[in-house]
2 protein chains.
Amino acid sequence: MREKSRDMAAQQAGRTGRATAEDNAGTSRRRHPDMHTCEHCEARGFNMCNALDPNELARLAAIMSDQRFDAGTTFIEEGAPADDLFNLTSGTVKVFKLLADGRCQITGFMMAGDFLGLSRGGTYAYSATAITPVTCCRFQRPQLRGLFNELPKIERQMLGLAMNELMAAQDQMVLLGRKTARERIASFLLALSDRAVRRGRPGNPVDLPMTRGDIADYLGLTTETVSRTFTQLKGEGVIQLKGNHGVDIIDLDALVEIAGQEDRVACFHPFDQIA
Amino acid sequence: MREKSRDMAAQQAGRTGRATAEDNAGTSRRRHPDMHTCEHCEARGFNMCNALDPNELARLAAIMSDQRFDAGTTFIEEGAPADDLFNLTSGTVKVFKLLADGRCQITGFMMAGDFLGLSRGGTYAYSATAITPVTCCRFQRPQLRGLFNELPKIERQMLGLAMNELMAAQDQMVLLGRKTARERIASFLLALSDRAVRRGRPGNPVDLPMTRGDIADYLGLTTETVSRTFTQLKGEGVIQLKGNHGVDIIDLDALVEIAGQEDRVACFHPFDQIA
DNA sequence: AACAATCCTTGACCTGAATCAATGCGGCGC
DNA sequence: GCGCCGCATTGATTCAGGTCAAGGATTGTT
């Protein structure tokens with residue numbers, strides 16, 4: 001296996017390698033001015049605020065601050081004190097873990113509505129880097145904890161989100177443990193397409209904000225294999241590459257066939273999953 | 001890749017291939033007689049009943065039934081209507097997903113305190129087979145849902161459990177996507193050992209209730225590779241095999257080193273993770 | 001517009017784990 | 001106590017995907 005040096009790993013993790021939400025350039029933060037933003041929030045409808053009425057929303061808004069991160073900013077670092085919790089409102093974030101020698105596994109690409117900041121023993125369980133410019137709501141843990149007791153709805157909503165993530169993680173385990181490179185790429189494209197549709201965007205020209213290297217780190221492959229597989233699928237007339245950050249699905253049925261036709265259910269029934 | 005036939009896959013999934021909790025031989029079910037069992041429950045202390053007082057426990061006990069499954073019984077089948085939710089009280093269960101051609105990925109080995117029965121759109125998101133004889137509490141979803149509203153504590157407890165599972169799933173993604181066979185086996189043994197300790201059992205002679213094939217399906221390897229790697233580690237004096245279902249860790253430091261020394265934190269702070 | 005820095009693609013070759021193929025072993029039923 | 005059957009081990013060989021290496025295409029910058 002090819003070892004990336006620790007330096008490279010740090011670089012890869014973010015421009016400064018020690019970047020935090022606080023000390024980064026290209027970061028803006030302000031107290032939330034009013035509920036107006038919440039009501040026009042891109043993420044309303046599929047995030048943890050979904051079930052709240054305007055009054056409750058105001059209480060939530062009171063303890064949070066809006067934040068913006070430039071592309072490339074690592075605003076969560078595995079092992080750092082997990083002081084805050086983030087709720088994405090726009091942009092794409094890669095969540096990843098590094099091994100000591102620099103090998104990287106991206107565990108997910110997060111988008112509007114997803115929450116970030118899972119902690120294990122008081123420290124973050126993973127790192128997170130903005131792939132595009134990102135906006136999010138930021139909560140301090142103690143304050144959010146307090147609100148949990150008063151608004152159990154939030155807790156329930158989060159349980160639903162957590163369950164969805166857990167199921168996605170299990171699908172990803174199948175992909176990583178048992179699928180071929182070809183199947184992984186096909187599954188990945190379909191999953192991105194489905195996710196876009198679920199968020200009310202067009203599902204076909206699939207948007208790929210991440211690099212080939214990111215895709216590789218997500219699918220347990222190398223950049224070269226990702227690239228070769230794209231080329232192969234293009235040659236077969238299944239997809240068409242739209243520059244480096246877009247893919248046109250030409251033959252959806254073929255892609256589904258290649259992916260291994262597991263159940264691709266658009267799932268977002270917040271509580272249904274639990275009880 | 002070697003394709004297992006569909007028949008084999010079905011067989012592997014359970015003795016009958018169409019076994020459900022209802023129609024299985026070797027399955028016993030009865031209404032919960034009193035709280036006595038709950039109070040002596042092997043799983044108290046790390047399951048979803050943990051935070052309940054005796055009165056609340058009684059309400060939970062009222063809507064559940066005790067159940068027992070023989071080793072080899074598949075009592076949850078992916079895609080079947082997700083009517084029930086299970087909470088393990090003893091024994092070991094493998095949770096897995098099958099691809100159309102029979103390839104299998106085990107997403108987890110469940111033990112006392114773990115819950116089972118995650119659903120996606122009203123059907124089970126995975127299959128589950130008892131590896132050893134198993135006892136568990138069984139809940140019907142509608143009834144449990146009702147109780148959620150009255151006892152939000154349960155919901156919170158489940159959120160904690162779900163978060164823990166999510167973090168374990170992320171660790172597993174790193175393992176499946178980026179670790180070598182050697183590292184996977186070492187990590188697996190250490191994880192099993194840690195889990196035993198967390199459940200108040202000895203961490204050293206590691207108990208392996210599952211077969212080599214199960215381990216392979218969990219680690220994204222083949223039976224042969226698992227076997228060879230065990231043999232190799234034995235040859236290096238790192239472990240000692242105790243028959244087919246036990247491993248003695250001789251050189252813990254070496255094993256940790258081989259595993260890739262990621263943070264092995266014993267984590268069970270139910271809510272800490274969220275807020 | 002020219003440049004630099006990344007990112008992507010393609011080719012040649014290598015290797016870790018899969019596959020194919022026997023052979024050992026141990027627990028269980030009779 | 002004996003024989004069987006599923007599980008585990010071990011060996012020989014293959015191959016999917018990784019590694020190494022060289023250009024080519026984008027993107028952002030001055």
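Values in this document were obtained by computation on a predicted structure and should not be read as measured data. Lettering follows sequence order; numbering is per chain, from 1.
Checked against dC8(C), dA8(D), dT19(D), the side chain of Thr211(B) finds its nearest nucleotide in dA8(D). Which of dT9(D), dC8(C), dT9(C) sits closest to the side chain of Leu241(B) comes down to dT9(D). Candidate nucleotides dG17(D), dT9(C), dA21(C) were compared by shortest atom distance to the side chain of Thr225(A), and dG17(D) ranks first. Comparing atom distances between the Thr180(B) side chain and each of dT26(D), dT19(C), dA17(C) picks out dA17(C) as nearest.
A distance of 9.5 Å separates CD in Gln170(B) from CD in Glu78(A), rounded to the nearest 0.5 Å. With rounding to the nearest 0.5 Å, the separation of CG in Leu176(B) from CZ in Arg184(B) is 5.5 Å.
Of all heavy-atom pairs between Val247(B) and Phe230(B), the closest is CG2-CE2, 4.3 Å. Smallest separation of non-hydrogen atoms from Asp214(A) and Ile106(A): O-CD1, 3.4 Å. Closest of all the heavy-atom pairs between Cys136(B) and Phe69(B) is SG-CE1, 3.8 Å.
Contact check, Thr222(B) against dA18(C): a side-chain N or O comes under 4.0 Å of OP1 or OP2.
Atom P of nucleotide dG11(C) and atom CD of Gln232(A) are separated by 13 Å, given to the nearest angstrom. Across the protein-nucleic acid pair, Leu233(A) atom CG and dT9(C) atom C1' stand 15 Å apart, rounded to whole Å. dT27(D) atom C1' lies 18 Å from atom CE of Met210(A), rounded to whole Å. Summarising the geometry, the separation between CG on Leu208(B) and P on dC7(D) is reported as 15 Å, rounded to the nearest angstrom. Straight-line distance from the CG atom of Leu219(A) to the P atom of dG17(D): 12 Å, rounded to whole Å. As a whole-Å value, the separation of Lys179(B) NZ from dG17(D) C1' is 21 Å.
A donor-acceptor contact under 3.5 Å links the side chain of Arg228(B) to the base of dG11(D).
Ile215(B) comes within contact range of no nucleotide atom at all, as no heavy-atom separation falls under 4.0 Å. Contacts of Thr231(A) with the nucleic acid, taken as non-hydrogen atoms under 4.0 Å apart, involve only primed sugar atoms and P, OP1 or OP2.
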